[in-house]
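Chain letters run A, B, ... following the sequence lines, proteins first and then strands; every chain starts at 1.
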Amino acid sequence: MSISYRRPGALIDKVTHYCPGCGHGIAHRLIAEVIDELDIRGRTIGMAPVGCAVVAYDYLDIDMCEAPHGRTPAVATGVKRALPESVVFSYQGDGDLAAIGTAEIIHAANRGENITVIFINNAVYGMTGGQMAPTTPEKVKTTTSPYGRCTETEGYPLKVAELLAGLDRVAYSVRVMMASPGDVRAVREALLKAFRCQMERRGFSIVEILSPCPTYWKLDPVEAFRHCAKEMTKVFPLGVYRDWEETGANQ
Amino acid sequence: MSISYRRPGALIDKVTHYCPGCGHGIAHRLIAEVIDELDIRGRTIGMAPVGCAVVAYDYLDIDMCEAPHGRTPAVATGVKRALPESVVFSYQGDGDLAAIGTAEIIHAANRGENITVIFINNAVYGMTGGQMAPTTPEKVKTTTSPYGRCTETEGYPLKVAELLAGLDRVAYSVRVMMASPGDVRAVREALLKAFRCQMERRGFSIVEILSPCPTYWKLDPVEAFRHCAKEMTKVFPLGVYRDWEETGANQ
Amino acid sequence: MLRIVIDRKHCKGCGLCVAFCPKGALCMATSISPRGVNPAEVREEAACVGCLNCTVVCPDAAIEICELEAAD
Amino acid sequence: MLRIVIDRKHCKGCGLCVAFCPKGALCMATSISPRGVNPAEVREEAACVGCLNCTVVCPDAAIEICELEAAD
Amino acid sequence: MPKKVLMTGNEAMAEGAIRAGCRHYYGYPITPQNEVPEYMSRRMPEVDGVFLQSESELAAISMVLGSAAAGKRTMTSSSSPGISLKQEGISYLAGSELPAVIANVQRGGPGLGDIGASQADYFQAVKGGGHGDYRMIVLAPDSVQEMADLTTLAFDLADRWRIPVMILADAQVGQMMEPVEWHEYRPPPDLAAKQWALTGASGRPRNIVRSFFLYPGLLEEHNLRLQRKYAEIASSQVRLEETGTDGADVVIVAYGSSARIARGLVSEGAEGGRLGLLRPVTLWPFPSRRIRELAERGKAFLVAEMSAGQMVEDVRLAVEGLTPVGFYGRMGGSMLTTEEMAREAARMLELVAGGAA
Amino acid sequence: MPKKVLMTGNEAMAEGAIRAGCRHYYGYPITPQNEVPEYMSRRMPEVDGVFLQSESELAAISMVLGSAAAGKRTMTSSSSPGISLKQEGISYLAGSELPAVIANVQRGGPGLGDIGASQADYFQAVKGGGHGDYRMIVLAPDSVQEMADLTTLAFDLADRWRIPVMILADAQVGQMMEPVEWHEYRPPPDLAAKQWALTGASGRPRNIVRSFFLYPGLLEEHNLRLQRKYAEIASSQVRLEETGTDGADVVIVAYGSSARIARGLVSEGAEGGRLGLLRPVTLWPFPSRRIRELAERGKAFLVAEMSAGQMVEDVRLAVEGLTPVGFYGRMGGSMLTTEEMAREAARMLELVAGGAA
Amino acid sequence: MEHRMIFAGAGGQGLMMLGKILAQAAMDAGLNVTWYPSYGAEVRGGTAHCHVVVSEGRIFSPLVERASALAIMNEPSLERFLPRLRQAGLLVLNTSLAEAPGASNGAIIAVPATEIANELKDIRIANMVMLGALNAALDIVDDEFVVEAIEAFLPGRGHLAGLNREAYERGKGCAD
Amino acid sequence: MEHRMIFAGAGGQGLMMLGKILAQAAMDAGLNVTWYPSYGAEVRGGTAHCHVVVSEGRIFSPLVERASALAIMNEPSLERFLPRLRQAGLLVLNTSLAEAPGASNGAIIAVPATEIANELKDIRIANMVMLGALNAALDIVDDEFVVEAIEAFLPGRGHLAGLNREAYERGKGCAD
Ligand SMILES: Cc1ncc(C[n+]2csc(CCOP(=O)(O)OP(=O)(O)O)c2C)c(N)n1
Ligand SMILES: Cc1ncc(C[n+]2csc(CCOP(=O)(O)OP(=O)(O)O)c2C)c(N)n1
Ligand code: SF4
Ligand code: SF4
Ligand code: SF4
Ligand code: SF4
Ligand code: SF4
Ligand code: SF4
Ligand SMILES: [Mg+2]
Ligand SMILES: [Mg+2]
């Protein structure tokens with residue numbers, strides 16, 4: 001009997017607290033798969049954000065650290081500078097990364113901090129109950145944009161992958177999504193590449209993942225999945241915005 | 001007897017605390033000239049930053065507010081939202097704007113806050129004694145980069161005018177310098193246009209000014225002036241990075 | 001021969017696996033699992049072609065698939 | 001006729017006006033001003049063409065220039 | 001009688017602010033106070049007010065600073081970790097003598113802690129979590145009705161004294177629902193116009209809002225002025241509720257949610273009326289004088305709070321060893337219980353009786 | 001005898017840290033402590049250490065959190081407004097039980113204030129400027145030599161107790177120069193290895209650094225454990241200096257720069273030896289027990305600090321009305337003077353004599 | 001007469017709403033009332049529960065330490081809250097997801113709420129079934145107030161309104 | 001013997017350096033010493049001053065409340081610090097920028113320091129002139145220590161070293 005697929009070893013056998021169909025669950029599984037594949041469980045250190053994924057350490061069987069809301073890349077910097085041989089990633093939501101943590105992500109990226117950022121862009125604050133995020137698309141209603149996001153007073157959604165790609169020491173910046181099995185496979189590839197980027201000391205890498213939040217998108221899980229491709233990509237085009245293998249950056 | 005030039009009325013007759021040849025003095029004078037020219041002294045409200053210009057209110061004869069270090073655009077937002085008819089500017093150094101205040105400037109710009117930001121980029125922390133700024137060029141020695149700024153660990157200088165120009169609700173983003181009388185005249189034009197941008201409700205405007213700090217550049221004032229053109233522009237190219245009149249943004 | 005194992009403890013009944021199975025090998029149960037949802041279940045194991053779409057999209061890593069060697 | 005007035009209280013002796021005067025109308029004094037610097041002073045008022053470069057670069061708004069009407 | 005409305009404490013606070021004329025709210029989501037920004041986001045546009053979800057708590061308190069400097073009634077709210085982030089801004093508000101209202105709907109700490117009710121930010125609120133010698137007026141509501149009423153009061157006090165006022169609530173009083181009655185708000189007729197506000201220096205000398213005092217001695221003068229103001233507030237603005245203290249041998253001192261449990265005990269005549277309740281409504285200024293009087297009349301105290309023991313220090317400072325001061329507390333988002341409080345109260349009564357014997 | 005070196009207190013602190021094995025410094029410039037990052041930026045590369053000028057104080061304290069979690073001796077420094085910004089991070093450090101050293105070289109407040117010496121962040125340091133029930137060990141150097149020695153000690157204490165330790169200095173002790181003597185540092189031999197540190201879960205179960213406790217009761221348990229630790233520290237780690245308290249009628253209680261003035265008075269025999277000095281070296285834990293003993297022996301107190309009166313509360317809590325407690329303070333970056341302190345001391349002596357008569 | 005009640009279940013099972021509806025109904029009926037939620041931390045899953053007190057007299061603490069009634073949706077909640085039930089208290093239990101305990105401090109009403117909801121083709125309205133059973137058993141407020149409150153909080157047009165109503169009725173049936 | 005001194009002037013006039021050099025020299029000479037700076041706020045202009053205490057005994061406060069000597073560079077500093085001079089104290093005054101006061105608590109040494117520096121073609125070395133005058137008048141430490149300290153703090157090669165030295169000597173001459 002040969003096994004075609006089984007739960008990755010770096011994923012703890014515990015039922016997650018995520019809602020049915022939540023992208024966080026998929027992202028966790030993919031990270032565990034990548035850690036297994038690269039065989040780096042013993043030297044990977046993850047940063048859990050404040051957000052729905054706050055107890056990511058309940059699910060990933062690696063050393064992990066909790067960071068104050070938004071300071072995740074700064075905490076990751078502290079860990080990486082202390083242990084340059086370890087593989088350090090920060091896992092962040094759009095509130096964590098693109099609102100309160102704007103300064104920290106920009107400066108970690110600008111320094112070319114040799115870490116990997118996994119950015120779960122679900123365009124909403126999940127953990128606190130569905131408030132508007134910096135990435136919430138125009139006109140979308142949330143609990144704090146009850147009349148729909150108004151670009152006149154609240155601006156347009158922030159495009160993180162593009163913004164960071166403009167910084168010279170960023171080695172890899174990519175946007176992928178969770179909208180179909182193929183797309184999820186692409187997410188996995190992007191994560192693999194980002195970790196490899198770090199292991200080869202290329203500098204800062206970020207994988208922005210358009211990720212469904214069925215609960216606050218008020219869609220059933222399958223609709224939410226499809227919504228990533230249909231609506232989210234209108235605002236957040238997929239793509240590789242920076243790639244050291246192509247630009248030769250930081251070689 | 002007709003007057004060819006006299007001190008602007010909005011400039012208080014008080015000797016500044018700035019070092020000889022400091023760009024802050026010129027910027028103050030230009031702001032006062034522009035306020036006079038637009039005849040808006042009675043409805044202009046300025047935000048003084050924490051930095052060498054902290055007591056800008058000692059020199060400009062308008063209502064002014066002090067902001068916590070880096071929060072200058074957020075304070076300006078609070079004032080502007082309270083008094084939409086007023087003309088609000090925030091005056092900021094590179095430490096204030098591009099280090100501790102990164103989140104605030106990005107989000108004020110992203111919201112398209114209808115304010116004007118006057119950004120004095122002297123590539124150093126003047127007030128605290130010449131430490132490295134986020135805009136300090138590669139290899140330049142400061143009191144906290146005694147071996148020269150190392151891009152490997154500290155990254156490249158942040159290019160603010162370009163970075164903000166990438167945000168959709170920014171109406172005007174320009175970089176000018178103080179390197180010759182002609183250049184200073186261009187600074188004045190940029191300031192005029194930025195204020196006009198606000199008065200026409202076009203949205204966020206920023207004027208980045210490459211500004212000499214003879215003291216911590218360790219150059220005499222005339223050399224420092226020339227250094228702007230010769231060295232600073234290599235890292236920070238002058239230019240209009242966004243202009244609502246050309247792109248038709250926010251019309 | 002493929003064996004599809006859906007873990008009723010992990011499955012939250014989101015339906016993604018069912019939606020993305022190209023062969024209709026899976027379906028949602030009408031019964032209630034101990035966690036109070038209608039979980040996914042195998043409709044027709046024989047239809048499965050081992051594309052792994054279901055495992056790839058499952059947010060709860062609730063599906064494992066193994067190949068049973070033909071008893072030759 | 002142009003009259004150049006340099007305010008010794010404001011002038012910090014930075015030398016910018018002197019450096020950017022196209023006509024050499026200004027120079028730095030060898031004397032010491034009350035604030036302890038060698039301030040700028042008018043070298044040759046007649047040379048001035050009123051280009052205002054000096055007032056444009058002066059960080060301390062220490063220079064004022066006015067046109068004296070020719071007594072006709 | 002106006003109709004009662006069932007609402008959460010957080011919503012009542014938001015509505016109370018709006019009725020007091022607050023038209024500028026800035027905040028960043030955090031449990032257990034999300035109902036405040038959510039309510040504001042719906043209501044502000046209805047009253048031509050400004051609701052802005054800021055990029056962070058730092059930005060929120062700074063926007064508050066801006067709108068306050070412009071002379072507007074303005075407010076922000078958050079919960080413990082977010083309030084820690086506002087400490088620099090609060091110190092600036094106090095130093096610049098700006099009126100503003102800041103709500104802390106406390107949760108369990110330290111660090112990320114949890115989202116249960118807590119009163120462990122007492123020291124931060126009343127002693128100064130920010131730098132320098134400054135004070136806020138600190139109001140502690142214990143019901144949904146008071147979440148409304150004290151918020152309204154907060155704006156009046158803030159304007160009158162040019163001081164930041166904190167509403168120190170907790171997860172329970174913020175998230176619970178109770179019926180609320182609304183009355184029409186009337187601003188105090190003797191409230192001075194804000195001549196110091198930044199509105200554009202038209203037809204008057206310019207105004208400056210600042211906390212930086214460059215020249216030697218100026219900052220000290222400024223501080224002395226602040227301290228004089230604080231002394232005035234301390235002597236005139238104490239607010240408290242007393243229940244059954246007259247006949248009591250032991251007075252329970254408790255505020256906010258904790259006081260409700262104590263009130264239950266006292267009102268239901270536990271221990272034969274030998275228990276009383278003193279509930280500080282203002283935590284700063286603290287009702288030290290009244291506590292001292294009660295101590296001088298021989299009453300002992302049981303301080304009950306959801307912390308490791310913070311307000312108890314202020315009670316001990318007032319009592320100065322005259323009578324015993326006991327403490328009952330729980331930490332980390334765990335609430336006090338009637339049972340345990342009754343037990344602690346009984347113990348204090350025994351101690352007092354023992355001491356008297 | 002090692003050669004003496006003339007250096008500023010800030011530099012001595014930095015060098016003391018490096019000698020204690022600190023190889024990770026993160027900081028953001030602010031007067032009056034810029035000599036610390038400046039010194040670190042020169043020295044760290046020489047010892048293969050990391051100096052990183054962070055984008056802000058928030059980032060600095062978070063980087064410290066990261067390096068501490070990775071098991072390294074790590075430090076940050078700032079001054080009052082910057083320390084206010086670190087309050088959330090400090091609460092996280094305490095909640096996560098991470099060892100780290102944080103220096104506050106205090107300046108005048110509130111708000112932007114000025115850059116003169118101040119001790120007005122006492123409450124923030126010892127009562128908790130951040131949210132939740134937590135403590136730091138707080139050390140108060142009064143000389144350049146102590147800036148070095150107490151910083152070294154701070155790292156040992158931080159590691160032993162898994163607790164953030166604050167060096168509470170001020171502009172004077174930070175910026176003044178004095179000769180310093182250097183001795184070789186030897187780590188305490190009984191210091192346990194950091195088995196909890198995040199180093200990669202290789203050959204051991206994974207470690208988690210956290211302050212979030214989701215399930216009911218866990219956070220309370222965690223807090224109870226913290227409080228037990230704090231109680232142990234409080235009973236074993238008090239450090240203080242006493243000069244002439246035995247024969248004194250009035251004991252001046254002062255720390256840091258203020259204590260130097262008091263020591264001058266006492267050492268030079270002002271008031272015929274009727275003055276003594278008690279200088280808390282640890283502000284938390286506070287030498288309450290010793291103060292209480294002195295009070296029980298009838299001694300009165302004069303608390304002298306550069307604030308509106310903060311440490312004086314801790315003295316009054318210890319004394320509980322047994323003897324008079326006087327206060328002499330100045331605010332907003334203004335320093336105490338020998339003359340004024342002598343006058344206040346004389347007044348206290350009179351009061352005591354009057355009381356005794 | 002004072003009802004001190006705890007309603008508990010997994011996040012998403014609608015226990016908070018159940019409590020709010022009852023509280024609103026009770027207030028409309030002229031009673032004093034408090035509703036106090038407790039989320040299993042600011043995350044999605046976990047258990048969520050709320051405390052509802054309905055009283056003719058003044059209500060002091062909204063926190064229910066000893067409950068006069070429990071409505072429990074699943075096994076973990078049962079384990080956690082059963083010990084808090086008062087002597088002679090009432091336990092309304094969703095027997096679809098939890099097994100009735102051998103011993104309880106009082107009466108037990110077994111309601112296969114999830115199964116009923118499943119039958120009604122919307123598993124999420126199990127809470128309304130529980131509400132029906134609870135109110136039928138304790139007669140806290142007249143049905144008309146409950147129905148009005150349901151409309152107020154769950155303004156379902158047509159089908160959905162009917163569904164909630166139907167679930168409520170089915171629950172009432174279980175209390176017989 | 002204890003010298004308690006204040007050196008004051010405008011920012012940029014080199015008063016801090018003056019103090020540091022003297023402190024270093026005194027330490028090298030085996031004396032106890034403290035140096036304490038006070039910047040006119042964290043901004044450029046304004047007055048800056050430092051307190052230097054040199055003593056054979058233990059030094060308590062580094063803050064000089066009553067000065068045994070003042071070195072004053074300009075008018076505003078004179079106004080501010082003259083009242084702090086002790087009875088019989090010494091005032092070393094830069095008469096290029098400040099007028100000698102009618103009355104002082106002690107001796108006054110008039111030093112046209114800025115003019116001398118101007119003559120030497122570097123207005124910034126007026127501080128060394130002041131140092132020369134001060135040390136000549138009070139004989140705090142032997143010149144050799146001062147010269148060494150100057151080299152240590154202002155490692156001028158060739159010309160500059162000579163210039164500092166010359167300024168110092170010119171100052172000494174003023175104290176005669
Ligand atoms: C300082 C601070 N501010 C606010 C919060 C509340 N908070 C927790 S998570 C969160 C945002 C969650 O959104 P996101 O980062 O997008 O993560 P998601 O839950 O959507 O995955 C907020 C605002 C907090 N815990 N700490
Ligand atoms: C919270 C806080 N952090 C740090 C400081 C110290 N500080 C004052 S100004 C400044 C930076 C000045 O640099 P810049 O903004 O470039 O202005 P410049 O002086 O160069 O004009 C810093 C770090 C402060 N006052 N407050
Ligand atoms: S709220 Fe959204 S992001 Fe959070 S667990 Fe649920 S589906 Fe996932
Ligand atoms: S330090 Fe630099 S920026 Fe500051 S006043 Fe002097 S020259 Fe200007
Ligand atoms: S492996 Fe492919 S075919 Fe088989 S059940 Fe899964 S999705 Fe369907
Ligand atoms: S994708 Fe996974 S969780 Fe969703 S229904 Fe299928 S097995 Fe269950
Ligand atoms: S106006 Fe022109 S020519 Fe005249 S002095 Fe000034 S710079 Fe020289
Ligand atoms: S530019 Fe102005 S300050 Fe500079 S020397 Fe000329 S007049 Fe003086
Ligand atoms: Mg999100
Ligand atoms: Mg700068």
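- Comparing Asn110(B), Ile62(B), Val75(B) by heavy-atom pairs within less than 4.5 Å of chain E, the highest count is held by Val75(B).
- The residue among His107(B), Arg43(B), Met64(B) with the most heavy atom pairs within less than 4.5 Å of chain E is Met64(B).
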| said: Quick one, Leu58(E) with Glu104(B), criterion side chain to side chain contact (heavy atoms under 4.5 Å, CB included). Give me CA distance, side-chain angles, the key distance, then yes/no. | reply: CA-CA 9 Å; Leu58(E) 297 171; Glu104(B) 286 74 14; 4.0 Å; yes

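- With hydrogens and angles disregarded, a donor-acceptor distance shorter than 3.5 Å links the side chain of Asp63(B) to the backbone of Thr199(E).
- For Leu60(B), the part lying near chain E is the backbone, with the side chain staying farther off; criterion is any non-hydrogen pair under 4.5 Å.
- Both the backbone and the side chain of Ser211(E) come within less than 4.5 Å of a heavy atom of chain B.
- Top candidate by heavy-atom pairs under 4.5 Å with chain E, chosen from Val79(B), Asp58(B), Ile106(B), is Val79(B).
- For the atom pair OG1 (Thr44(B)) and CG (Leu198(E)), the distance works out to 12.0 Å, reported to the nearest 0.5 Å.
- For chain B, the nearby parts of Ala59(E) are the backbone and the side chain; heavy atoms of each come within less than 4.5 Å.
- Between Asp61(B) and Arg206(E), at least one side-chain N (NZ, or NE/NH1/NH2) sits under 4.0 Å from a carboxylate O, which counts as a salt bridge.
- Side chain of Ser67(E) to backbone of Gly78(B): a donor-acceptor contact under 3.5 angstrom is found.
- Under the 3.5 Å distance criterion, the side-chain polar atoms of Arg41(B) are matched with a main-chain donor or acceptor of Ala201(E).
- The structure places CZ of Arg71(B) at 9.5 Å from OH of Tyr92(E), a figure rounded to the nearest 0.5 Å.
- Only the side chain of Ile12(B) comes within contact range of chain E, with at least one heavy atom under 4.5 Å from a heavy atom of that chain.
- A donor-acceptor contact shorter than 3.5 Å links the side chain of Glu66(B) to the backbone of Phe212(E).
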